[in-house]
Amino acid sequence: RTKQQGRHGYTLFNHELRLNQADQLALESELRRALEVDDQLTPFFQPFIDAKSGALQGFEALVRWQHPTRGLISPAIFLPMAEESGLIMRVDRYMIEAAARQLRQWMDEGRLTDGVSLHINLSSANFHDPELLNWMQALIRRYALPAGMLHLEVTESALIDVPDVAAEVIQGLHNMGVRLALDDFGTGYSALSYLHRYHFDVLKIDQSFVADLDQKQESAAIVRAILALAEALDLDVVAEGVETGMQLRTLRDMGCSKLQGFYFATPAPAARIDWDRLAGFASSFRQVA
Ligand code: C2E
Ligand code: MG
Ligand code: MG
Ligand code: MG
């Protein structure tokens, strides 16, 4: 690691959130190349935990770009470019496949059983492409995975533009047994109508509400409302962005079932996952319960 690198190992480059056009074009052709030639794109994995027992419930795969000269590039930098250029569909498929391969390996090693789930983010572009369904089906077969272990996370904004095609793809995934999570819940426009319209299995409470949970009554009220909604609709809930023990206790007391955030683990490459630490939550939760 160089001095330049910040808390999450990203280079300063990443803090210049607005790229000029030349940089943008350079980055686009570099991403094209990264998708073709080598392992520059790689999934990091962040666990989520059962709020009551502390047991490991699964992982979310988050894309990272290990650029040969620019360092580790955050998705905040290159996903907007990938969306604009249409490369996002290849990034997403690359990630889904990489995550599926990793899941297969973890199962073969006996680290994970089919009670846990692997979440992968899916951009809205995929909803224009019903071919995704055949591709997913083939992938699930190739890696002999229980479809229900795979969860695809989409944001509310992903559903705004494409209601009809989205419905077809979402229904197809649902029929296949793949599960769907609504990401960053509470930050979009008409979340409630989407819940009604599509088959979602999981709500992910946006980290902005969790961050303010212990300072702002409004945030606590929103979290409570989301939990009540999820219970009424029989949806599972994951709270994102849990950073403190106080947030953990508040969310557990409110009845939130799963928790994800830096408090438990930051996203890490598969080889750097601290399995002993993850197993430790189950015993430390027992002591305080
Ligand atoms: P997201 O899916 O909502 O993922 C959660 C983000 O919050 C991740 O940022 C994660 O590293 C970060 N995070 C996790 N715990 C904490 C915490 O306790 N505190 C704080 N402050 N942040 C936390 P990341 O990895 O930079 O990803 C950003 C976004 O990029 C993701 O948001 C997702 O929308 C998108 N993304 C990531 N990977 C992919 C991918 O493979 N495909 C697509 N289409 N989108 C992706
Ligand atoms: Mg997500
Ligand atoms: Mg999110
Ligand atoms: Mg997000």
Side-chain angles (χ1 to χ4, degrees), residues 6-11 14-15 17 31 34-35 40-49 58-66 72-102 117-129 132 150-159 169 179-188 191 200-214 223 226 237-248 251 258-269:
R7 186 173 168 209
H8 305 295
Y10 299 137
T11 58
N14 288 317
H15 300 300
L17 274 171
L31 179 59
L35 281 161
Q40 289 181 33
L41 290 188
T42 175
F44 275 33
F45 295 94
Q46 187 182 33
F48 47 92
I49 301 289
F59 290 93
E60 177 174 5
L62 295 154
V63 67
R64 297 292 182 268
W65 182 0
Q66 188 65 63
L72 194 62
I73 307 183
S74 144
I77 287 292
F78 71 93
L79 287 185
M81 173 272 285
E83 306 238 359
E84 272 172 44
S85 61
L87 289 172
I88 187 68
M89 304 205 5
R90 293 174 57 196
V91 172
D92 283 355
R93 288 195 185 196
Y94 185 98
M95 282 293 291
I96 295 172
E97 168 130 33
R101 195 183 314 123
Q102 186 60 63
S117 49
L118 186 67
H119 286 223
I120 308 146
N121 294 282
L122 193 70
S123 128
S124 65
N126 296 282
F127 293 137
H128 294 285
D129 177 24
L132 177 73
L150 297 178
H151 291 224
L152 296 176
E153 297 192 358
V154 301
T155 56
E156 296 162 49
S157 52
L159 301 171
V169 172
R179 298 194 206 262
L180 284 161
L182 195 49
D183 206 351
D184 303 347
F185 188 76
T187 58
F200 281 97
D201 304 283
V202 182
L203 295 185
K204 296 195 75 175
I205 302 178
D206 190 68
Q207 56 191 47
S208 59
F209 304 119
V210 175
D212 292 341
L213 194 58
D214 295 307
V223 170
I226 294 175
V237 186
V238 182
E240 299 192 281
V242 179
E243 294 186 353
T244 68
M246 194 160 157
Q247 290 164 351
L248 176 154
L251 287 160
K258 290 168 189 169
L259 308 174
Q260 176 181 1
F262 296 163
Y263 181 80
F264 301 102
T266 53

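Computation of the quantities below employed the complete heavy-atom set of this structure, encompassing side-chain atoms and omitting hydrogens, waters and symmetry-equivalent molecules. Note that ligands are numbered from 1 as they come in the structure, with each ligand's atoms numbered from 1 the same way.
Of all N/O/S atoms in D183, OD2 sits nearest the Mg ion (ligand 2). Counting just the N/O/S atoms of E153, the one with the shortest distance to the Mg ion (ligand 2) is named OE1. With respect to the Mg ion (ligand 2), E60 has OE2 as its nearest N, O or S atom.
For ligand 1, the atoms closer than 4.0 angstrom to any heavy atom of M95 are 41 (O). Each of the atoms 1 (P), 2 (O), 3 (O) of ligand 1 lies under 4.0 Å from some heavy atom of D183. Atoms of ligand 1 lying under 4.0 Å from at least one heavy atom of P267, given by number and element, are 11 (O). For ligand 1, the atoms closer than 4.0 angstrom to any heavy atom of Q46 are 14 (C), 15 (N). The contact set between ligand 1 and E243, taken as ligand atoms under 4.0 Å from a residue heavy atom, comprises 17 (C), 18 (O), 19 (N), 20 (C), 21 (N).
Using a 4.0 angstrom heavy-atom cutoff, E60 counts as in contact with ligand 1.
Closest to atom 24 (P) of ligand 1 by heavy atom, among P75, A265, G261, is P75. Taking all heavy atoms of L41, D184, L79, V63 into account, the minimum distance to atom 36 (N) of ligand 1 is reached by L79.
Taking 2.8 Å as the threshold, N121 counts as a candidate ligand of the Mg ion (ligand 2), since one of its N, O or S atoms lies below it.
On a distance-only criterion, Y263 and ligand 1 share no N/O pair closer than 3.5 Å.
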